[in-house]
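What follows is one structure encoded as structure tokens, with my remarks underneath.
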Amino acid sequence: MSSTKKVLLEQVAHTRSGDKGNTSNIAVFAYEPALYPLLKEQLTAERFKAFHRTAITGDVLRYEVDNLHALNFVAHGALGGGVSRSLSLDNYGKALSAAILGFEIEVPQALLSCLRTRQPASPQGHADAGAGQP
Amino acid sequence: MNDMSDVDGGRTPRSRTLRIGSGAAWWGDRVEPAGLNAEQGDLDYLCFETMAEATVSAAQVRARRDPSFAGYDTYLDDRMRAVLPACMRRGTKIISNQGWINPQGAAERITALLREMGIEGVKVAAVSGSMITDRVLSLAPTILENGQPTATLRDTLISAEAYMGAEPIVQALREGAQIVVTGRVADPSLFLAPMMYEFGWSALDHEKVGAGSGIGHLMECGAQVTGGYFSDPGLKDVPEPWNFAFPIAEVEADGSVVIAKVAGSGGAITLQTVKEQMLYEVHDPANYITPDVVVDFTRARLEQIGADRVRVTGLTGKPRTSTLKVSMGCTEGFIGEDMFFYAGPGALRRAQLARRILEERFRIVKLEAEDMRIDFLGLNAIHGAATPADAPEPYEVAVRVAARTKTREQALKVGREVDGMAVSGVAHTGKRVPHQDRTREVIGVWSSLVAREQVTPQIDYFIS
């Protein structure tokens, strides 16, 4: 069977962004080691930059971090000049790591069981907790 | 600065586990997890990181305007009051970069707080010397970001400070300091210093120092490694996210570590939280440059060895560079910013008309903006161009206007034109009555490099 299923990256990987000057790094971590080769093959630096359309003005470098089953994207010119100069509401680019979770990945049938699926909030979980926050 | 390359001959390196806790990851961080770590962490050291990239230049701007500003962390009293009694009772040493532009003033204040608490005879060290504003233009030829000469910053430069490493802190510990408060020191160095001191690691042992700096990097962002900045309901859940503890590093003399936290606290320490923090703000994972070493994360191995306990081995490093990074803060004009709101059917169409009106108004009043954005919150304010084109129309839209200008007069035009929208705009415009000046000064941050020898740490001591 060579058929694949298209899923959002959020089912394959988790991400975090960090800022330095006008550069954002967005690290993408496979939930399971078996999923990591899919990231390596499909989430190229070119596709990463194209996904963000014109939101990233400079070069995007990709580092492969095999021991962490992770890719680290270094996006130059992603922070509107940097924290203090930026006119962006999210001037640290803290929320940038969420955008790429909408990237689509082709997953072979054999690996579908490795995917994370978003579970409905449990009664003891965040839904209740959120309502109780000030 | 003495030559610190040799292992301290007068001291037997410890062989048992060293426990280092985090007390803050930034200026605005919560205070009670620091108290929790001080009381229940069974710590040898508690380390506070409170300086962002622009902290020093922002402090310089404030100091010029406000003579009553002390020049150090404005939460210094809160943080120290929360931890000093427990730390001094238990023999936990404190290392903190809360000194900002006045480490001596911070050390004096800590000494005064100790006396107030009736704690006498504590030696507090102030590490300064990172400020090189007066000589940076001659020492640092080139701006890293744009390749221009640093001389182009001559008229706008407010502050320049080099990132110092762990060595002056190690020296202060050798000289008997129980509390060390610094100006600009690289974040991981705050945690590395006690490892070098306690285990007798040479500053030139790049493998050990690389491991220690990698551990410091895992610790420097506080709750980010204990489940803070991690929850995504249904995908990545953590327990009690309102009750995070800051992390504790249980470090062995060989540079391996267990990342842990006090029992009964919220959050989680998992392979995922540790991995995410490992690459946070890192560019090349094989070459993460600090003043002490070049850290290599690519051989690290992570192991979940218990609930909220992750062991990390294989952190290492390469010899340190001959230069230190310098951050230069410059005045770069102003930002004017304001917001107003639409709701109900047709909210987005009204917001779009409001944007058109504002764009025309800015032309009429000749707003001289170097850059401007008009965002629709709830639609495109965060991801900008990367927002999917087929995102659904919202019920509620906040219109946010922001412009960067050369002068405060120009920046004030943003708020003035938004004011006009209250009665000369679009139907159903929701508008807050302004209660403050809607402008702020921009402190641009540039980087450069100086030769390591050009930065001379100074250590002053105060006794409570």
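Chain letters run A, B, ... following the sequence lines, proteins first, then strands; residues in each count from 1. All of these numbers come straight from a predicted model, not from anything done at the bench.
The two residues A/Ala55 and B/Ala386 come nearest to each other via the heavy atoms CB-N, 4.2 Å.
Only the backbone of B/Thr387 comes within less than 4.5 Å of a heavy atom of chain A; no side-chain atom from C-beta onward does. With a 4.5 angstrom heavy-atom cutoff, A/Ala70 touches chain B only via side-chain atoms. Both the backbone and the side chain of B/Arg373 come within contact range of chain A, with heavy atoms under 4.5 Å apart. Proximity to chain A is absent for every atom of B/Leu144, based on heavy atoms less than 4.5 angstrom apart. Using a 4.5 Å cut-off between heavy atoms, A/Gln11 makes no contact with chain B at all. For a residue to count as touching a neighbouring chain, one of its non-hydrogen atoms must lie under 4.5 Å from one of that chain's; by this rule B/Ala403 touches chain A with the backbone only. Contact of B/Glu145 with chain A is not made at all, since no heavy-atom distance falls under 4.5 Å.
Proximity of a side-chain donor or acceptor of A/His52 to a complementary backbone N or O of B/His383 within less than 3.5 Å is not detected. Side-chain atoms of A/Thr54 never come within 3.5 Å of backbone atoms of B/Ala385 as a donor-acceptor pair (strictly under, hydrogens ignored). Side chain of A/Arg85 to main chain of B/Glu332: no donor-acceptor pair is present (N/O by atom type, distance under 3.5 Å, no hydrogens or angles). With hydrogens and angles ignored, the 3.5 Å screen pairs a side-chain donor or acceptor of B/Tyr229 with a backbone N or O of A/Lys94.
The shortest side-chain heavy-atom distance between A/Arg16 and B/Gln277 falls under the 4.5 Å cut-off. Residues A/Leu87 and B/Arg404 are in side-chain contact: their nearest non-hydrogen atoms beyond the backbone lie under 4.5 Å apart. Using a 4.5 Å cut-off on side-chain heavy atoms (C-beta onward), B/Lys236 and A/Tyr31 make contact. Side-chain atoms of B/Leu271 and A/Phe29, non-hydrogen and from C-beta on, never get closer than 4.5 Å to each other.
To the nearest 0.5 Å, atom OG of residue A/Ser97 and atom OH of residue B/Tyr280 are 9.5 Å apart. If you take NE2 on B/His283 and NZ on A/Lys20, they are separated by 6.0 Å, rounding to the nearest 0.5 Å. Between the CG atom in A/Asn25 and the CG atom in B/Asp284 there is a gap of 11.5 Å [rounded to 0.5 Å]. A/Ser17 contributes atom OG, which lies 12.5 Å from atom CG of B/Leu279 (distance to the nearest 0.5 angstrom). How far CZ of B/Arg400 is from OG of A/Ser88: 6.5 Å, rounded to the nearest 0.5 Å. Here CD1 of B/Ile335 is found 8.0 Å from CG of A/Asn91. Values are rounded to the nearest 0.5 Å.
Of the listed residues (B/Arg299, B/Glu53, B/Glu281, B/Glu276), the one with the most heavy-atom contacts under 4.5 Å to chain A is B/Glu276. Ranked by heavy-atom pairs under 4.5 Å with chain A, the first of B/Cys221, B/Gly444, B/Ser327 is B/Gly444. Heavy-atom pairs under 4.5 Å with chain B peak, among A/Ile26, A/Thr15, A/Ile56, A/Asp90, at A/Thr15. Ranked by heavy-atom pairs under 4.5 Å with chain B, the first of A/His69, A/Arg53, A/Arg118 is A/Arg118.
Annotation: residues 72-83 of chain A contacts chain B through A/Asn72, A/Val74, A/Gly80 [non-hydrogen atoms, separation under 4.5 Å]. For residues 60-67 of chain A, heavy-atom neighbours of chain B at less than 4.5 Å comprise A/Tyr63, A/Val65, A/Asn67, sorted by residue number.
By the 6.0 Å contact criterion, CZ on A/Phe51 is enclosed, its count of non-hydrogen atoms from other residues, nucleotides or ligands being greater than 12.
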When you look at B/Met278 and A/Leu68, which way does the side chain to side chain contact (heavy atoms under 4.5 Å, CB included) test go after all the steps? CA-CA 9 Å; B/Met278 192 169 279; A/Leu68 303 183; 3.8 Å; yes

